2 protein chains.
Amino acid sequence: MRLFWERGYELTSINDLTRELGISAPSLYAAFGDKQALFDEAVARYEASPQSVTTAGKAGTSQREVLRAMFDRAVQEYASTAHPRGCLVNSEPKLEANRTQNCAITAARLREVAESAEMNNDADTLAAFAQVMLVGLSSYARDGANKEQLQRVAELALCVMGSPQQTEKIVP
Amino acid sequence: MRLFWERGYELTSINDLTRELGISAPSLYAAFGDKQALFDEAVARYEASPQSVTTAGKAGTSQREVLRAMFDRAVQEYASTAHPRGCLVNSEPKLEANRTQNCAITAARLREVAESAEMNNDADTLAAFAQVMLVGLSSYARDGANKEQLQRVAELALCVMGSPQQTEKIVP
DNA sequence: ACTGTTCTATAACGACTACTACAGAACGGT
DNA sequence: ACCGTTCTGTAGTAGTCGTTATAGAACAGT
């Protein structure tokens, strides 16, 4: 997972993988099938991580809070030095289907928390905007941006939701 | 340029290039040096194109108009079917330096048109936000988004600048 | 101790990579 | 018509790619 994450699919060779895993090629093929299957398992493991941005979207009770939770998680994770920079899914050309699905998941989540005051924000467009931000932030982190730089951009992006006071839930 | 644009550097082989150009490998090497040099020339040609997003940023007399011009151009170009989807520079991992430089160019342009009413928007952060949006939009287009989808996201992104009336230039 | 199974590593496969030595064709100048 | 230069294609370099056939080691059951 780490190797695919930092180099991408094409630039990660079986040789790199066997050296890193400490096993020989036939063992790798016996265990995983082929390179694509190993990659699929790595991606599945990545997406199942509790640190994933998608799972962060489950928090929050308003559209703004959902986006904030996702952006905060992205800022935290994409700039972390504990693992490769950026996002595996949002950086890898082979993972178009995953990005599209994540976008759909976000749109569904946004519809769940939609309030009358924010209904003017189309959930699909808002989810696409969030996905665009995440891909862009991942690239920005890969290009060397630190956590503070990511934070400022994410903060600015939240302006599309208006000020927090405007969208705060009004309990009757 | 077209091949690098649609497949990226690593996935474009000399064989692909010679077949497309209709010349043989030795001629290609005599003309361009090596693969990297040919790639550099292709990127230079791409960036010098009058359709480039960077040149679009030269228009506009306010920070908002500069961003709008860039986003409009991105929407127009990234979803065009006249050439590969998305952006060569913003999709290619090898071109980190180009992205960083484009970000600096945008920041400088934003400072030029800065007005007292918008000085609260830090030009560097705003340029980084624009760059993040462009990378994200490029990925979105590559993943299959059409012009209308890009347009809606770009429109939403402009909300960070407030409504047009607020930032419109006030002639004394 | 012997057998059958499971795991591992060495070594090789064919196909591809970027790149180039060399030979022949095409060309302009005299 | 001939020579020298420039260009082009054929063919090949060494290396890497993903993948696998094969042979030996480790191990459990009888």
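Not measured: the values here are computed from a predicted model. Naming convention: chains lettered A, B, ... in sequence-line order (proteins, then strands); numbering from 1 in each chain.
Residue S24(A) is classed as a base contact, given a heavy-atom separation below 4.0 Å to a base. Contacts of A25(A) with the nucleic acid, taken as non-hydrogen atoms under 4.0 Å apart, include base atoms. Contacts of I14(A) with the nucleic acid, taken as non-hydrogen atoms under 4.0 Å apart, include base atoms.
As rounded to whole Å, 5 Å separates atom P of dT19(D) from atom CG of D34(A). Atom CD of E10(A) is separated from atom P of dT16(D) by 18 Å (rounded to the nearest Å).
Heavy-atom distances to DNA chain D give each of I23(B) and P26(A) a nearest nucleotide, and the one nearer the 5′ end belongs to I23(B). Mapped onto DNA chain D by nearest heavy atom, G22(B) and Y9(A) fall at different nucleotides, with G22(B) at the one closer to the 5' end.
Looking at the side chain of S27(A), the nearest of the listed nucleotides dG18(D), dA9(C), dT17(C) is dA9(C).
Inspection of the Q76(A) and D72(A) side chains reveals no N or O donor paired with an N or O acceptor under 3.5 Å.
In this structure, Y29(A) reaches the dT19(D) phosphate: one of its side-chain N or O atoms is under 4.0 Å from OP1 or OP2.
Geometrically, K35(B) engages Y9(B) in a cation-pi contact, judged by NZ or CZ lying under 6.0 Å from the ring centre and within 45° of the ring axis.
From Q101(B), atom CD reaches atom OG1 of T106(B) across 10.5 Å, with rounding to the nearest 0.5 Å.
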